[in-house]
Amino acid sequence: MNTTALLIGLGPLLGWGLYPTIASKIGGRPVNQILGSTIGTLIFALIYAWVQGIAFPSGMNLWFSILSGIWASAQIVTFKVFTMVGSSRAMPITTAFQLLGASLWGVFALGDWPGAMDKVLGGLALVGIIIGAWLTVWSEHKDAGNARTLRQAVIWLAVGEIGYWAYSAAPQATNIGGEEAFVPQAIGMVIVSIVYALFLASRGEKLALVEGVSYTHIISGFFFAFAALTYLISAQPNMNGLATGFILSQTSVVLATLTGIWFLGQKKTTKEMWVTIGGLILIIAAAAVTVTI
């Protein structure tokens, strides 16, 4: 792996690491968060495509790229879970599910990690990341109510994995690079968000499209867009590949977890904090293994 590929692969560490904390800090309902975030992503993508002179794809390349925008449905679920258990707990859980879905797809369907030893090392790295994610949600004081809520959160995030899987896998079915897929993918995200806002409005909730807080979330969308762009480039076969690129992107859980604790008041006891730090170190160490494959 060359230095350029590694730096691009770590771009999501900053973007996705700060994104959930900024979105939670701005506040609003999950529909406000997803609507503003996707609009911000589309603005970022359009500006980037214009500056770089990137052509708009057509045919199946266009449709598969838009399909990957179904990510928005998974992020709606994640925002809902933020309100249940907080971003510092939700992010490690969703990280584990995303790694299982997208990375295994990359290995078995797309041919990443081709050698037997590559698969063994990559598999051990995945196990390490999952264990690390579990450590970050460990609780010193068991509470039946909290445990029930956490179980519900896990179920919600498992369902949302379908959207994250489509986000990672669908662009791989195209004949274009991540940069070319960026704008149509963002269009797909905005479509899902608008449909969700209209659906909630039909059920009596206030229309998110007319709420100011929705547009404040455009700021958080810029952070997501930066992470999404660097990830889409990183996941291409001539860069890091889907499996390694995805695992590198999920190191963002470290920043997301710590900023959630420090800036959002998602408190942990001293022992929980040490266990959490141990889990985060394990995630980073396991991710580091994948860059040597």
Donor-acceptor pair, [X] side chain versus [Y] backbone, under 3.5 Å?
X	Y	answer
Thr78	Ala74	yes
Arg29	Lys206	yes
His217	Thr38	no
Glu205	Leu200	no
Ser24	Thr21	no
Asn32	Val213	no
Tyr196	Ile34	no

About how many Å separate [atom2] of [Y] and [atom1] of [X], when rounded to the nearest 0.5 Å?
X	Y	atom1	atom2	answer
Phe224	Leu18	CZ	CG	14.0 Å
Leu157	Gln152	CG	CD	12.0 Å
Thr251	Ile283	OG1	CD1	9.0 Å
Ile39	Phe222	CD1	CZ	10.5 Å
Ile277	Leu282	CD1	CG	14.0 Å
Asn240	Thr4	CG	OG1	10.5 Å

Cluster overlap Leu7 with Leu229, hydrophobic side-chain contacts below 4.5 Å: no
Is it the case that one hydrophobic cluster holds both Ile155 and Val85, taking links as side-chain heavy atoms less than 4.5 Å apart, direct or via other members? no
Ring-ring centroid check Phe226 Phe223, cutoff 6.0 Å: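 No, the ring centres sit 6.0 Å or more apart.
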Does the separation of the ring centres of Tyr231 and Trp16 fall below 6.0 angstrom? yes
Are any non-hydrogen side-chain atoms of [X] and [Y] less than 4.5 angstrom apart?
X	Y	answer
Leu35	Ile194	yes
Leu13	Leu248	no
Phe82	Met91	yes
Trp156	Thr94	no
Thr276	Lys268	yes
Phe44	Phe182	yes
Ile187	Phe56	yes
Ile66	Gln185	no

Can you name the closest pair of heavy atoms from [X] and [Y] and give their distance?
X	Y	result
Ala186	Thr41	CB-CG2, 4.0 Å
Val81	Ala153	CG1-CB, 3.6 Å
Pro20	Ala256	CG-CB, 3.7 Å
Pro12	Ser252	O-CB, 3.3 Å

Residue list, side-chain hydrogen bond (donor to acceptor under 3.5 Å, both in side chains) with Thr230, at least two apart or on another chain: none
Given Thr257, which partner from the list Thr259, Val254, Ile261 fulfils the side chain to side chain contact (heavy atoms under 4.5 Å, CB included) test? Ile261
May I ask you to check whether Ser220 and Ser37 show a side-chain donor-acceptor distance below 3.5 Å?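 Note: Ser220 and Ser37 side chains meet the donor-acceptor criterion.
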